[in-house]
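Reading through the structure tokens given below for one structure.
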Amino acid sequence: MNEKLALSDEILLSIQKPERYIGGEVNSVIKDLSDIKVRFAFCFPDVYEIGMSHLGIQILYGMFNEYKDVWCERVYSPWDDLDKVMRRDNIPLFALESQDPVKGFDFLGFTLQYEMCYTNILQVLDLSGIPIYSKDRTFDDPIVIGGGPCTYNPEPIADFFDIFYIGEGETQYRALFDLYIEAKDSGMSRKDFLIKCSQIPGLYVPSLYDISYNEDGTIKEIAAKDGAPQVVDKELEKDLSNAYYPMKPVMPFIKVTQDRVVMEVMRGCIRGCRFCQAGQLYRPLRERDVEKLKEYAITLLKNTGYEEISLSSLSTSDYTHLDELLDFLIEYCNEHKVNISLPSLRIDAFSLDVMSKVQDVKKSSLTFAPEAGTQRMRNVINKGLTEEDILRGSHEAFEGGWNKVKLYFMLGLPGETTEDIEGIGDIANKIAVEYFETVPKEKRNGRTIEITASTSFFVPKPFTPFQWASMNTKEEFLDKANITRKGIMSQLNQKHIKYNWHEADASMLEGILARGDRRLSEVIYNVYKRGCIFDAWSEFFKNDIWMEELEKAGLDPMFYVKRERTKDEILPWDMLNCGVSKEFLWREWERSKQGVVTPNCRQQCQGCGGASYGVGICFEPKTGV
């Protein structure tokens with residue numbers, strides 16, 4: 001236990017879950033400051049339980065702390081109860097390991113996973129006593145750097161950051177730390193340091209780019225200055241099997257969202273779903289060596305004491321050595337009484353066979369993600385999944401003993417019709433019928449089919465084929481949810497189907513922030529000053545304040561949401577390159593309008609641009625089918 005706590009016993013006893021703030025967890029890293037040249041505070045701008053479940057931070061936390069001259073510590077957004085106390089008593093935000101104020105660190109790094117966490121970034125800066133705007137900081141303040149998927153359009157928060165790291169973090173942080181040490185030793189100015197940072201591959205320094213606008217609000221020009229590159233290319237870890245992986249992840253004191261060993265088997269995805277940002281950002285697909293993964297599994301389970309291991313990727317079924325890995329894990333985990341979790345499996349016979357082998361899997365629901373209610377719509381989004389696949393997978397699952405099914409769909413997809421929406425209820429009903437036809441009454445043991453259909457609202461994301469698409473309004477979303485509900489209620493088996501849908505207000509704001517520009521920085525700052533934090537949590541979200549501040553700033557939400565972009569429009573993120581060409585994305589956008597399915601990466605190369613990295617699936621033989 002850390003004896004140098006930043007919070008008094010009185011405060012700790014007055015707040016929810018004080019374990020969030022005391023540090024001292026097993027496998028957390030304590031270092032001697034006399035050996036340290038760079039102190040890095042790594043922040044997940046949300047509550048501890050969510051941040052502690054994030055694999056990316058665990059990887060970089062471990063990697064940074066492997067450097068003898070770097071000490072990386074963790075920071076999370078204080079929950080609202082502690083937030084109030086810290087403001088009342090002027091307690092500065094602190095890092096968990098040392099309990100030292102964040103303001104005294106060299107770097108404050110944020111992982112940017114979700115647009116609705118943006119006000120929490122300002123909360124962390126504010127509580128730390130760090131000027132919120134980059135332009136107001138000196139070299140006595142930490143360098144504020146962001147990474148993660150939201151950095152592929154960081155423009156709405158560009159004014160708050162000194163640097164964005166574009167791509168995978170394993171490759172360039174050592175070069176950044178060395179440059180920082182050199183800058184401090186030589187008395188370099190903060191501005192000159194940032195200019196030199198822009199020359200490190202993958203580092204985007206937003207202050208070195210001037211943005212001008214046309215009268216209609218679209219971007220006129222993105223102009224790089226002071227020698228910054230006109231386009232910043234993403235960084236990619238080319239040798240995933242030999243890349244750093246944390247063998248001693250920090251063990252939380254309380255139950256967190258992912259309370260298990262998480263083992264990343266690969267990065268990237270072959271499928272090319274047109275709505276999916278991750279499927280584009282992490283191209284090309286790269287797999288970890290199966291023998292390394294076997295070693296990792298044993299070591300991680302021994303070092304953590306967890307009773308469950310999860311295989312992590314965007315599409316675990318597509319890992320080519322999954323059978324071999326699972327055979328090994330089943331034998332080892334059965335012997336040591338450890339459960340195996342397999343998220344991200346597809347609806348096919350192979351996946352169901354895999355799941356049937358795994359201990360205790362029949363206790364949980366079977367999860368399918370058709371995404372759309374009709375085959376036409378699934379072709380539009382390039383889902384690569386037919387109704388026959390869904391029903392055949394359901395049939396085999398029911399034969400295997402499952403009776404609970406979760407179905408995930410999206411509403412508001414480009415080109416969607418009422419028929420597509422009503423198809424959600426139809427397919428849920430067909431799955432129920434399949435159950436009753438597959439499992440005779442005498443074999444049901446008093447059980448029946450339970451189907452939960454959930455719909456999220458489609459939000460177009462940068463660097464996807466749908467980045468040019470129009471998004472639905474709140475009213476359109478709710479109308480479509482109502483059509484879905486009525487469609488389910490009209491089904492013969494409606495009593496076996498439960499329906500949930502996402503919040504339309506939050507989806508609208510997510511859409512504004514996802515494709516927004518720098519003019520939104522003022523709005524984010526103003527809503528924060530009016531008390532908006534934890535916008536991702538429905539009990540805290542104040543949509544009316546966001547809409548009022550957009551109006552005050554003279555910004556029309558429909559400009560960001562409803563408008564379909566043209567091919568020649570300069571997009572706010574056009575100074576960045578995710579490794580997938582704009583030409584490929586436009587080609588996929590056009591194919592979506594025609595409902596044409598594009599073969600996956602194992603079947604046929606589509607020339608997306610991923611091959612430029614010289615690694616991964618781009619250089620493997622193609623099946624052609």
Side-chain angles (χ1 to χ4, degrees), residues 115 149 152-153 155 216-219 222 231 234 268-284 314 370-385 409-417 420 456-473 476-477 480 507 510-517 558-601 603-612:
E115 292 86 355
Y152 286 91
N153 178 27
E155 292 305 283
D216 64 359
T218 58
I219 292 175
I222 300 172
V231 175
K234 83 169 178 190
C269 184
I270 65 172
R271 296 294 165 179
C273 296
R274 293 176 177 130
F275 59 84
C276 180
Q277 187 184 44
Q280 307 296 339
L281 298 185
Y282 299 110
R283 289 187 178 212
L314 294 175
E371 308 294 2
T374 64
Q375 192 57 49
R376 185 196 75 83
M377 201 69 231
R378 286 190 290 276
N379 291 347
V380 166
I381 64 177
N382 205 45
K383 181 63 182 175
L385 184 70
F409 300 90
M410 280 186 287
L411 291 174
L413 289 160
E416 186 178 63
T417 66
D420 299 318
S456 61
F457 296 129
F458 166 69
V459 176
K461 296 283 183 166
F463 294 108
T464 68
F466 289 161
Q467 66 181 356
W468 291 279
S470 171
M471 180 178 164
N472 284 184
T473 63
E476 288 170 330
F477 278 143
K480 291 180 177 184
S507 296
E510 182 185 344
I512 292 168
L513 296 174
R515 293 189 292 177
D517 51 50
M558 295 304 109
F559 173 81
Y560 297 105
V561 172
K562 194 65 181 169
R563 184 175 58 87
E564 183 172 315
R565 280 65 167 165
T566 60
K567 184 178 182 180
D568 59 351
E569 179 174 337
I570 297 174
L571 303 174
W573 50 91
D574 273 353
M575 77 290 285
L576 306 177
N577 171 29
C578 83
V580 176
S581 72
K582 204 171 184 179
E583 291 74 20
F584 166 76
L585 295 175
W586 182 264
R587 190 162 69 243
E588 284 294 288
W589 173 226
E590 291 294 302
R591 287 169 73 88
S592 77
K593 295 175 183 176
Q594 301 159 18
V596 177
V597 174
T598 298
N600 71 58
C601 297
Q603 294 172 323
Q604 180 184 329
C605 180
Q606 300 299 319
C608 72
S612 64

Backbone of Gln277 reached by a side-chain donor or acceptor of Thr464 within 3.5 Å: no
Side chain to side chain donor-acceptor pair (under 3.5 Å) between Gln467 and Trp589, intermediate numbers included: CA-CA 9 Å; Gln467 66 181 356; Trp589 173 226; over 6 Å; no
Set of residues satisfying salt bridge (Lys or Arg N to Asp or Glu O under 4.0 Å) with respect to Lys461, sequence neighbours excluded: Glu115, Glu510
Any Pro149 side-chain heavy atom under 4.5 Å of Leu281 side chain: yes
Test applied, side-chain hydrogen bond (donor to acceptor under 3.5 Å, both in side chains); reference residue, Thr598; option that passes from Arg271, Gln606, Glu588: Glu588
4.5 Å side-chain heavy-atom contact, Val580 and Phe463: no
Cys273 side, atom SG; Asn600 side, atom CG - distance, nearest 0.5 Å: 10.0 Å
Nearest-0.5 Å distance that lies between atom CD in Gln594 and atom CZ in Arg591: 7.5 Å
Salt bridge (Lys or Arg N to Asp or Glu O under 4.0 Å) between Glu590 and Arg587, intermediate numbers included: CA-CA 5 Å; Glu590 291 294 302; Arg587 190 162 69 243; over 6 Å; no
Atom of Pro465, atom of Gln280 and distance for their closest heavy-atom approach: CD-NE2, 3.9 Å
Contact summary for Cys601 and Arg283, nearest pair of heavy atoms: SG-NH1, 4.2 Å
Residues in salt bridge (Lys or Arg N to Asp or Glu O under 4.0 Å) contact with Arg565, at least two apart in sequence or another chain: none
Atom pair CG (Leu314) and OH (Tyr282), whose distance is rounded to the nearest 0.5 Å: 8.0 Å
Over all atoms of both residues, closest heavy-atom pair of Asn153 and Pro572: OD1-CB, 3.9 Å
Contact summary for Pro460 and Ala469, nearest pair of heavy atoms: CG-O, 4.0 Å
Asp420 side chain to Gly373 backbone, donor-acceptor under 3.5 Å: no
Close side-chain approach of Asn472 and Lys480, heavy atoms under 4.5 Å: yes
Any donor-acceptor pair under 3.5 Å from Glu416 side chain to Gly412 backbone: yes
Pairwise distance CG(Asp517) to CD1(Ile570) - rounded to 0.5 angstrom: 12.5 Å
Residue pair Leu571 / Ile219: nearest heavy atoms and the distance that separates them: C-CD1, 4.1 Å
Non-neighbouring partners of Phe477 that pass ring pair (Phe, Tyr, Trp, His ring centres under 6.0 Å), sequence neighbours left out: Phe457
Asn379 to Val597 - nearest heavy-atom pair and separation: OD1-CG2, 3.4 Å
salt_bridge(Glu155, Arg515) N-O dist < 4.0 Å: no
Straight-line distance of Leu413 CG to Lys383 NZ, nearest 0.5 Å: 11.0 Å
Contact check, side chains of Lys567 and Trp468, non-hydrogen atoms, under 4.5 Å: no
Side-chain touch Trp573/Tyr152, heavy atoms, less than 4.5 angstrom: no
Ring-face cation contact, Phe559 with Arg563, 6.0 Å cut, 45° max: yes
Heavy-atom check, side chain of Leu585 versus side chain of Lys582, under 4.5 Å: no
Point-to-point distance, once rounded to the nearest 0.5 Å, from CZ of Arg274 to CD of Glu371: 14.0 Å
